[in-house]
Amino acid sequence: MTRLGAWLLLPFPVLSVGYLFAIRTGTLEPRCAPLIVLAALPAAALVGGVLGLRAAPAGAGGWQVGVIAVAALELLWAVLALAMVGFAIAWRSG
């Protein structure tokens with residue numbers, strides 16, 4: 001699961017920055033749903049990393065710890081990106 005978890009972490013930063021850029025340029029209307037759906041990828045990687053760490057023998061959890069750390073950072077980015085979208089919604093509503 002850890003290698004799959006590592007692959008789950010790749011698309012989120014690129015897609016979320018692309019979505020925020022599209023909002024900034026006015027191409028898309030700001031909505032929270034796309035970022036919440038995208039945040040499911042690092043959340044799944046986090047859950048998989050924790051489950052893999054619990055199932056790994058003692059001292060063999062290097063991949064899992066890395067996946068957990070990066071997934072936690074990406075979830076923090078998801079919260080910040082959702083705040084940016086919230087500000088964009090508030091800005092457009094006046």
Side-chain angles (χ1 to χ4, degrees):
M1 177 61 186
T2 57
R3 304 226 185 228
L4 175 63
W7 282 104
L8 287 174
L9 294 173
L10 291 176
F12 177 73
V14 175
L15 293 175
S16 65
V17 169
Y19 180 67
L20 291 173
F21 184 72
I23 290 172
R24 175 76 175 126
T25 60
T27 307
L28 293 175
E29 291 292 320
R31 302 200 191 285
C32 292
L35 284 176
I36 292 172
V37 169
L38 285 176
L41 295 171
L46 181 70
V47 169
V50 169
L51 293 177
L53 187 61
R54 292 184 66 195
W63 269 94
Q64 289 88 353
V65 171
V67 167
I68 291 169
V70 173
L73 286 174
E74 287 191 9
L75 287 174
L76 178 64
W77 169 253
V79 170
L80 292 173
L82 282 169
M84 289 180 222
V85 170
F87 284 126
I89 291 170
W91 180 268
R92 290 189 184 214
S93 68

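- Evaluation of the side chain to side chain contact (heavy atoms under 4.5 Å, CB included) rule for Ile23 yields Tyr19, Pro30, Val85, Ala88 as partners, not counting sequence neighbours.
- Both Leu15 and Met84 are members of a single hydrophobic cluster when ILVMFWY side chains are connected at heavy-atom separations under 4.5 Å.
- The minimum heavy-atom distance linking Val65 with Leu53 is given by the pair CG2-CD1, 4.2 Å.
- Residues that satisfy the side chain to side chain contact (heavy atoms under 4.5 Å, CB included) test with Leu9, not counting sequence neighbours, are Pro42, Ala45, Val67, Val70, Ala71, Glu74.
- Sorted pairs that involve residues 37-49 and meet salt bridge (charged side-chain N to carboxylate O under 4.0 Å, His left out), not counting sequence neighbours, are lacking altogether.
- Listed by first and then second residue, the salt bridge (charged side-chain N to carboxylate O under 4.0 Å, His left out) pairs involving residues 42-60 amount to none (not counting sequence neighbours).
- A single hydrophobic cluster is seen to contain both Val17 and Leu38, as judged by linkage of ILVMFWY side chains at heavy-atom distances under 4.5 Å, directly or through other members.
- Across all their heavy atoms, Ala44 and Leu8 have their closest contact at CB-CD1, 3.9 Å.
- The line from CG of Leu73 to CD1 of Ile68 is 12.5 Å long, rounded to the nearest 0.5 Å.
- Residue pairs meeting the side chain to side chain donor-acceptor pair (under 3.5 Å) criterion with at least one member in residues 20-48, sequence neighbours excluded, are Thr25-Thr27, Glu29-Arg92.
- Screening residues 35-48 for salt bridge (charged side-chain N to carboxylate O under 4.0 Å, His left out) gives no qualifying pairs among residues at least two apart or on separate chains.
- For residues 36-47, no pair satisfies side chain to side chain donor-acceptor pair (under 3.5 Å), with sequence neighbours left out.
- In this structure Ser93 satisfies the side chain to side chain contact (heavy atoms under 4.5 Å, CB included) test with no other residue, sequence neighbours excluded.
- Scanning for side chain to side chain contact (heavy atoms under 4.5 Å, CB included) contacts around Leu82 gives Cys32, Leu35, Ile36, with sequence neighbours left out.
- The salt bridge (charged side-chain N to carboxylate O under 4.0 Å, His left out) pairs that include a residue from residues 37-49 number zero, where partners must be two or more places apart or lie in different chains.
- Hydrophobic clustering places Phe12 together with Leu28 (ILVMFWY residues linked when any side-chain heavy atoms are closer than 4.5 Å, directly or through intermediates).
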